[in-house]
Amino acid sequence: MMDKLDRQLLNRLQTGIPICEYPFQVIANELSCTEQQVIDKLQKMLDSGLLTRFGPLFDINEFGGAFTLVAMQVPSEDFDKVTAIVNQFPQVAHNYQRQHQFNMWFVIATEKTDEIVDIITQIESLTGLRVYNMPKQEEFYVGLYLPV
Amino acid sequence: MSAYTSQFNLHSSQPLSNSLTPIERKLVVLTQSGLPVIPKPFEWLAEQLQVSLAETLVIIQQLQQRGVIRRIAAVPNHYRLGYRYNGMTVWDVTDSQANLLGKRIAQLPFVSHCYLRPRHLPEWPFNLFAMIHARKQATMENYRSQIRDVLGKAYQSDDVLVSSKILKKTGLRLLP
């Protein structure tokens with residue numbers, strides 16, 4: 001179970017750490033705990049899978065790369081097989097199963113723009129299924145924060 | 001059917017001058033799987049980059065100012081935090097009003113991501129996407145009806161795609 005400090009820390013760490021020599025000490029001062037507590041609790045949350053990662057969150061579009069959301073309609077009997085095919089690509093950054101006829105949604109992130117087409121073509125050829133490309137035309141807001 | 005059916009330019013707003021310098025790229029490669037959880041994580045990074053800590057901090061700050069790094073943070077598994085209803089709400093709205101309405105929907109406090117995307121007719125009529133996260137189904141439905149209210153007459157139809165499983169969540173991976 002999470003205690004009060006776990007919750008405070010989880011909320012604080014989602015908003016971004018300061019860029020300085022001792023970032024965890026700064027957060028410890030804010031939350032009136034010790035640097036070691038911050039470090040131990042963060043590591044524990046990563047080990048337990050409560051956190052999926054800790055580090056910089058990049059916007060690949062800002063350095064000339066490409067990023068797109070794609071969807072597939074995967075027959076349920078082939079779902080695991082198709083998941084394995086799609087996930088083997090290092091360019092597939094996130095992949096979610098969703099309850100819908102379009103039941104697989106993933107993000108392709110590439111360093112070069114034309115790589116997107118290449119990956120989509122490869123996935124279509126390996127799975128025999130159509131990949132629906134839905135790149136963003138406008139971004140109105142991105143700011144995921146899940147308070148606990 | 002071609003693999004790439006969209007006519008939209010993927011990087012219309014990103015001039016190529018935004019490409020990374022060799023040391024910036026090395027920084028991305030070193031940190032894309034995460035930072036070590038130690039008292040001085042940026043000193044570790046400085047050692048890997050073979051530059052000073054001060055220089056490393058400046059590079060990171062510049063990358064943040066350019067928007068290459070959104071923030072350096074912990075990413076939670078939303079299911080484990082009790083957010084079981086992670087819904088991608090999708091909306092078919094009149095094209096001429098989609099930009100204005102996207103901006104309005106993005107201001108709702110419960111919307112975490114909001115984008116305009118191409119339709120794929122006839123299977124996929126939706127052009128506006130808004131992600132919402134809720135602990136209960138009733139909350140999610142309440143959020144949807146609030147979005148519907150904002151759309152007003154421009155609204156044609158909608159759907160919600162609730163995620164049932166994370167199949168992969170590694171984030172960006174540049175080749176070293």
Side-chain angles (χ1 to χ4, degrees), chain A residues 10 13-17 19 21-24 35 39 42-43 49-64 66 68 83 87 90 92-100 109 111 113 116-117 120-121 124 130-144 146 148, chain B residues 1 3-6 8 10-11 14 16 18-20 28 31 34-35 37 39-40 42 53 57 60-61 66-78 80-81 83 99 102-103 106 111-118 120 124 133 161-174:
Chain A
L10 194 53
L13 289 169
Q14 284 185 66
T15 65
I17 65 168
I19 311 303
E21 187 170 13
Y22 293 98
F24 299 120
E35 181 189 46
I39 287 172
L42 172 56
Q43 189 60 56
L50 189 64
L51 298 175
T52 58
R53 67 187 296 269
F54 169 73
L57 306 182
F58 299 104
D59 184 348
I60 198 168
N61 288 302
E62 296 301 329
F63 57 88
T68 193
T83 303
N87 285 358
V92 171
H94 307 142
N95 187 1
Y96 284 85
Q97 181 174 18
R98 296 190 178 277
Q99 296 161 26
H100 192 270
E111 195 168 0
T113 307
I116 295 268
V117 186
I120 288 177
T121 308
E124 288 190 325
R130 180 172 167 194
V131 172
Y132 294 76
N133 191 14
M134 304 192 195
K136 71 178 176 191
Q137 297 164 270
E138 284 295 333
E139 175 180 297
F140 302 111
Y141 183 69
V142 178
L144 181 60
L146 300 173
V148 292
Chain B
M1 176 70 67
Y4 185 60
T5 52
S6 169
F8 301 102
L10 283 169
H11 63 316
Q14 292 84 39
L16 290 171
N18 275 352
S19 61
L20 301 173
V28 173
T31 60
L35 270 178
V37 184
K40 297 199 267 187
F42 298 117
L53 172 66
L57 297 179
I60 293 174
Q61 277 152 3
R66 279 164 56 194
V68 171
I69 294 178
R70 290 183 191 271
R71 61 185 184 279
I72 299 180
V75 181
N77 178 332
H78 30 241
R80 295 282 303 276
L81 299 189
Y83 289 86
N99 267 300
K103 283 179 200 146
V111 169
S112 72
H113 303 75
C114 188
Y115 301 99
L116 184 69
R117 298 186 185 279
H120 287 276
W124 190 259
H133 306 270
L161 286 74
V162 177
S163 67
S164 44
K165 197 176 178 188
I166 298 175
L167 303 169
K168 187 177 186 183
K169 197 172 177 181
T170 51
L172 175 69
R173 286 291 183 277
L174 299 188

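Here is the naming used below: chain letters follow the sequence lines, and residue numbers restart at 1 for every chain. Everything quoted here is computed from the prediction, not taken from an experiment.
The distance from the OH atom of Y115(B) to the CD atom of Q137(A) is 13.5 Å, given to the nearest 0.5 Å. Expressed to the nearest 0.5 Å, how far CZ of R70(B) lies from CG of D59(A) amounts to 4.0 Å. In this structure, NZ on K165(B) lies 7.0 Å from OG1 on T83(A), to the nearest 0.5 angstrom. Atoms CG and CZ, on L50(A) and R80(B) in that order, are 5.5 Å from each other to the nearest 0.5 Å. We find the CG-CG distance between L10(A) and L81(B) to be 5.5 Å, quoted to the nearest 0.5 Å. Note: K169(B) NZ to Y96(A) OH = 4.0 Å, rounded to the nearest 0.5 Å.
Within the 4.5 Å cutoff, the side chain of R117(B) has no heavy atoms near those of the P135(A) side chain. The side-chain heavy atoms of L51(A) and N77(B), taken from C-beta on, include no pair separated by under 4.5 Å. Using a 4.5 Å heavy-atom cutoff, the side chains of S164(B) and R98(A) are not in contact. Taking 4.5 Å as the limit, every side-chain heavy atom of H94(A) sits out of range of all side-chain heavy atoms of K168(B).
Counting all heavy atoms, side chain and backbone alike, R53(A) lies closest to T31(B) at NH2-O, 3.5 Å. In this structure, F42(B) and I17(A) approach most closely via the heavy-atom pair CZ-CD1, 3.9 Å. Closest non-hydrogen pair, V28(B) versus F58(A), comes out as CG2-CE2, 3.8 Å. The minimum heavy-atom distance linking Q99(A) with S163(B) is given by the pair NE2-O, 4.4 Å. Counting all heavy atoms, side chain and backbone alike, T170(B) lies closest to V92(A) at OG1-O, 3.8 Å. Across every non-hydrogen atom of L35(B) and P56(A), the tightest pair is CG-CD, 4.4 Å.
With respect to chain A, the highest number of heavy-atom pairs below 4.5 Å among G34(B), A106(B), A74(B) belongs to A74(B). Per-residue heavy-atom pair counts under 4.5 Å with chain A were compared for K40(B), Q61(B), R173(B), and the maximum is reached by K40(B).
Residue L53(B) touches chain A through its side chain alone, counting heavy-atom pairs closer than 4.5 Å. Of the atoms belonging to V111(B), it is backbone heavy atoms, and not side-chain ones, that fall under 4.5 Å from chain A. Both the backbone and the side chain of H78(B) come within less than 4.5 Å of a heavy atom in chain A. With a 4.5 Å cut-off on non-hydrogen atoms, L172(B) touches chain A through its backbone and its side chain both.
Using a cut-off of 4.0 Å between Lys/Arg side-chain N and Asp/Glu carboxylate O, E139(A) and K103(B) are scored as not salt-bridged.
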Item to check | Chi angles and distances behind the side chain to side chain contact (heavy atoms under 4.5 Å, CB included) call for H120(B), M134(A) | outcome: CA-CA 9 Å; H120(B) 287 276; M134(A) 304 192 195; 3.9 Å; yes

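Using modelled atom types, one side-chain atom of N87(A) and one backbone atom of L167(B) make a donor-acceptor pair closer than 3.5 Å. Under a 3.5 Å cut-off, the side chain of K136(A) and the backbone N or O of L116(B) do not form any donor-acceptor pair.
Not a single side-chain hydrogen bond (donor to acceptor under 3.5 Å, both in side chains) links E138(A) to another residue, sequence neighbours left out.
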